[in-house]
Each structure stands twice: as C-alpha cells, then as structure tokens.
Amino acid sequence: MRFSPAPTGSLHVGSVRTALFNWLYARHHGGTFALRIEDTDVARSRAEWVEGIQETLHWLGLDWDEGPVLQSARFDLYLAAAERLLAAGLAYECYCTEEEVRARNEAARAEGRTPGYDGRCRDLDAAERAALAAEGRPRTLRFRTPDEGVSSFDDLVRGPVSVEWAHIPDFVIVRSDGTPLFFLANALDDADMGITHVIRGEDLLDSTHRVLALRAALGAGDPPAYAHLPLIVGPDRAKLSKRHGAVALEEFRAQGYLHEALMNYLALLGWAPVGDGDDGNAGEVLDAGELVAAFDLDRVTHAAAAFDHRKLDWMNGEWIRRLSAEELEERVRPRARERFGDHLDDELMRGAVRIGQERAVTLASLVDQMGFLFVPDDDFAIEPESWERLQKVERVTEVLDASIAHLETCDWNADAIDLRPSIESLGLKPRKVMPALYAAVEGRHAGLPLFDSIELLGRDRSLARLRAARKRVTDS
RNA sequence: GCCCCCAUCGUCUAGAGGCCUAGGACGCCGCCCUUUCAAGGCGGUAACGGGGAUUCGAAUUCCCCUGGGGGCACCA
C-alpha cells in the first residue's frame, strides 16, 4: 500500500485520514506501507513540504516501510511510457493551448453542453501537426480514452462503480514543458511498486477510471483494488477547507492536541469498530494498537463525515488524562518554555501539571492556566473580564480581608490553605465568592484549583496579590 | 449542464427482514458531587428525507422523487 501526497502544502486532516487508513489496513493485514511523493507538478512542489509531510506523519505515529519515493526522480520512466503510448496510437499530440481549452470548456458550460476536451487534435494527420507546430504552438501528449463501452471496477467500500467511456474526455499525460502528469506517474508507480490496495478520498473516484485505462493501455497487469473513503466535510457539508477553521494537522498540533487524540478521532471519522461491549457497542477511546487490531475496510462508512471540533476537544481531554503525570510534563515543557522563557520554573510547572491534568482540554489551555505562576510579580494583572467579576462579588473586601488573614498564619499545604471556613464564617457561600479569589490570585476567574495553586505560588506572592486586589477595590 | 457517489438523533455512528417502543459517543438540558470551571457521576432531549414495490413483517431489499456532496485542469 502507499500514501501519495503532493508536496504542495502542509497535510490537510483529510489527507492525514487517508494516510491513517492506509497505514491501519497495511498494519492490520501485515502488508507493506510506502510513502510516495507525487511531485510531478514541479512548479507547485517544494522540498520543504516533502520534509514537513514526513515530520507530520511521524508525529501522528505513522511509519512506512518504503520511501519516500519521489516521482520527480522518475520522469524518464514516465516519459518513455508516454512515448510508447504515442507510438501505439493510444495517445496523440495536442496543440491546443491551455487557455484555448479552458475557453472552449467555459463556452460549453455556458451553452449547457458538457465541458471536457473536445477532441480537436484527436485525429490530426502529419501535415496538420507539422503546420500547428510550425506556428510555434506548445505540444502536449493527450491520452485517447476509449470511444465506447463502459469502465467499471469493484470498489472495496462502495461496490461496483461504472461509467460510460463516452463521458470521459481525453486527458493530458505530458505537459507542454515535457513533464508528466499525475495520472501517468500514478498508474506506472502503482504497477512498479506492486501496490495491491489503494485507499484514497472519494474526490478521486471519477479519476480512477482514467488511471485504470492508462494501466490497461500500458499493459501494466492487474490493477490494485480500490477503496474510496467518504470525504471529511465542514459544518456546511462542503469539503473541509480553510474557511472551516483549522484543517492542517500542524495547526492542531500547535494548538496542543495530542497525536493519540488526533489519530483516535480521525480513525472514527468514516469508520467504526465492531461492537464488543455489553451493550453491543465498542468504546470510543482507542490507542494505535487497538485501532490496528480492529480496523478493516468492510466497516468504512459511505456518507461524508462532518469534522466536529467539540468531540475532538473531548477526546483530547480523555487522552490527556490517560497520560502519566511525567509524560504530560514532557509534552507541556517545550511549549511552557517557549511561552514563559526564563521565568519558567520546572518545579512549579510540575505542580501545575499535576493539578491541571484532571480538567485540561489541550496542552495550550493547560499552559495558559499555569501562566500566573511564571509571570513576574510586577507584571501580574487580572484579566478585565475577571476583574469585573471580582468587583461584583458580594462583600468582596471582607472576603479578601478574611482570606489574607487566614493565609498569614495557616500551615502551608492545600488542606490548611482551604479558605472556605473563613468565607463561611462571614455567612457567605464559598461557591459564590470563589471567582473573586481566583481572579485575585490567578488573574482569571476560572483556572487551576485555587488552594493547590496558592500553595504552589507561595505565601508571599499569594498575599501580595490578594493585598493588591484589596487595595485596587478600595481605590476604585 | 453532464457524469459519479451518498442519505439513521444537531454531529460521529451501531443497525446486514422480525432481537428496534432504533443502541452508543460528542454536544445540549437537568440534577448530584465539587476548590471557580473546562473534570467526574446520574438522568433527559433528539433520528430511520418522501412516495411506491417486495414480504406475514422493512431503518434494513428494489424503483422513483427529493436532498446533499464530489468530479468534469497542461492540480493531485
């Protein structure tokens, strides 16, 4: 099997999901998984993306047995094949320019006719070709699709799929600059690499017929089995794209999603494991090993699946909770270091991770919450919204005074720090006034558990913040 | 416009003729717990697009309609 992205950008979650399904299937059945870079479009392909794609796949937890195979290094092979097709009359020289073809397609569309190459250069004789060439026109090689009959194949997830050849226009296999196109390279490489199963997105369903026709023309032997995955769509049911928010896997990584959560979530988009629980349902939280063991194509769904960021959030929290405290620290450290620089204190961070793990949604949110520990005291500030909340708290000055008094003398551990008795002695409900204390100490009205946070922050710093808040209330 | 694919709660899905008065998960709502809350527990809301046909019986099979999506490049 193979995953064959074009190195024209960072990997989209849809592409990653395709890579994942290929990997799961190969690993489940003990097959071979290769990475092939489809960089036949030299103008759009970039070496840095070849690197980036590998980095992303590795981060997710996918590995491959062969490659990366770069198609750009195999142009001679594709071009030789194209010459064979030309010599056999299965392809022909086309002198229509890209602009002309596009204009004729648009005209066809406007008149309600079907767009697609109109076959203008299909049956040129030698003299006509020479004349067009003499005009200095660019020359492409176009594959001659069968004139009649039906193309069909048995899709592993969709079953039989067929279309009449009459609907598939001739298509370019070698550009006017002499470089080969996707269809050609793809057909040849799949044959060459011994690919037996191709899993890819449904957006490629129609183009499968072209690849199949090329393979047949090339005498490339039995084609691989194809499985077309349902598309991943946005909330509006259209193909997932930038306008739907984060779509590149790297964006999710940057936002602090765990690779375990992404793999788990993506595996469940368009596939569901067979139920084995008491209620006949399978669990939702599955690690790579469990996914590999359970995966198969017969349980891939057919309808497009909408990407649900909220469910991903939930799943990420589940995975954060499954990490050991030590492991979570390792994941948090790099971004805490980046965020807080020299102000980061490893001991404090360790403590913050322990008290924050229980409720964290993403690594980023966790780092966000621990910020109050590392901000220099002179820079500490309460978020505007939280300050407003503090001011609205009933008898807030008394609450702050009582808290200060308690912290000045209590033992220094979370149990002793518990401020609730002090609040209750004022005849107030702790729940009602806690947001003010959160704001005063952590700078926000919701954050890491307060008493543990105060313990971590230390007596002096905690008292200083409470007194500052007290003074600010009086002054305002 | 033409071709292709698809159709169960808001979302991801289970369901392969009777086990379905349709199950689970996320979300949402309520209650409980609680050191705020973004965690946890319990409960609840919520779906087979429509019409025919086959059958004793259809979410499950077939047809039509409707709806949604994808494709129709010298991108992949």
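Please read these numbers as outputs of a predicted model, since none were measured by experiment. Note on naming: letters A, B, ... go to the chains in the order of the sequence lines (proteins, then strands), and numbering restarts at 1 for each one.
- In the region residues 421-433 of chain A, proximity to RNA chain B at under 4.0 angstrom, judged on heavy atoms, holds for A:Arg431.
- Judged by the 6.0 Å and 45° rule, A:Arg142 forms a cation-pi pair with A:Tyr117.
- The gap from the P atom of B:C29 to that of B:G49 amounts to 27 Å, rounded to the nearest Å.
- Across the protein-nucleic acid pair, A:Glu284 atom CD and B:G23 atom P stand 16 Å apart, rounded to whole Å.
- Comparing B:A14 with B:G24, their P atoms are spaced 15 Å from each other, to the whole Å.
- Across the C1' atoms, B:U8 and B:C48 are found 4 Å apart, a figure rounded to whole Å.
- Near RNA chain B, meaning a heavy atom under 4.0 Å from it, residues 357-366 of chain A has A:Glu358, A:Arg359 in order of number.
- Under the Watson-Crick and G-U wobble criteria, each requiring two contacts below 3.5 Å, nucleotide B:A25 is paired to B:U11.
- Between A:Thr179 and the phosphate of B:C74, there is no side-chain N or O to OP1/OP2 separation shorter than 4.0 Å.
- Two residues, A:Thr97 and A:Phe451, neighbour RNA chain B, and the one matched to the more 5' nucleotide by heavy-atom proximity is A:Phe451.
- Of the charged side-chain nitrogens involved, at least one lies within less than 4.0 Å of a carboxylate oxygen, so that A:Arg331 and A:Glu327 count as a salt-bridged pair.
- The phosphate of B:C37 (OP1 or OP2) has no side-chain N or O of A:Arg389 nearer than 4.0 angstrom.
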Between protein and nucleic acid, restricted to nucleotides 61-67 of chain B and to nitrogen or oxygen atoms under 3.5 Å apart, what atom pairs and distances do you find?
none

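- In terms of the salt bridge (Lys or Arg N to Asp or Glu O under 4.0 Å) criterion, A:Glu358 has no residue partners (sequence neighbours excluded).
- B:C26 sits 30 Å from B:C6 when the P atoms are compared, rounded to a whole Å.
- The aromatic ring centres of A:Phe295 and A:Trp271 sit less than 6.0 Å apart.
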Write out a two-atom table: protein N or O, nucleotide N or O from nucleotides 1-8 of chain B, distance below 3.5 Å.
residue : atom : partner  : partner atom : Å
B:G1    : O2'  : A:Gly112 : O            : 2.7
B:C2    : O4'  : A:Thr114 : OG1          : 3.3
B:C5    : O2'  : A:Arg158 : NH1          : 2.6
B:C5    : O2'  : A:Glu202 : OE2          : 3.1

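- Residue A:Arg142 has a polar side-chain atom (N or O) positioned under 4.0 Å from OP1 or OP2 of B:C74.
- The ring of A:Phe252 has its center closer than 6.0 angstrom to the ring center of A:His309.
- Residue A:Asn105 places at least one side-chain N or O under 4.0 Å from the OP1 or OP2 atom of B:A73.
- Nucleotide B:G67: paired with B:C6 (Watson-Crick or G-U wobble, both distances less than 3.5 Å).
- Checking B:C72 for Watson-Crick or G-U wobble geometry (two distances, each under 3.5 Å) identifies B:G1 as its partner.
- Using N1 to N3 plus N6-O4 or O6-N4 for Watson-Crick, or N1-O2 and O6-N3 for G-U wobble, each under 3.5 Å, B:C37 pairs with nothing.
- Whole-Å rounding puts the A:His228 NE2 to B:A76 P distance at 16 Å.
- Nucleotides B:C28 and B:U45 are separated by 8 Å at their C1' atoms, to the nearest Å.
- Counting only heavy atoms from C-beta on, A:Glu318 has its side chain closest to B:G40 among B:G40, B:U36, B:G15.
- By the stacking rule of 5.5 Å between ring centres and under 30° between planes, A:Tyr438 stacks on the base of B:U36.
- Using P as the reference atom, B:G1 and B:G18 are 41 Å apart when rounded to the nearest Å.
- Taking every side-chain heavy atom of A:Trp314 into account, B:G27 is the closest of B:U36, B:C12, B:G27.
- Looking at residues two or more places apart in sequence or on another chain, you find a salt bridge (Lys or Arg N to Asp or Glu O under 4.0 Å) between A:Asp192 and A:Arg74.
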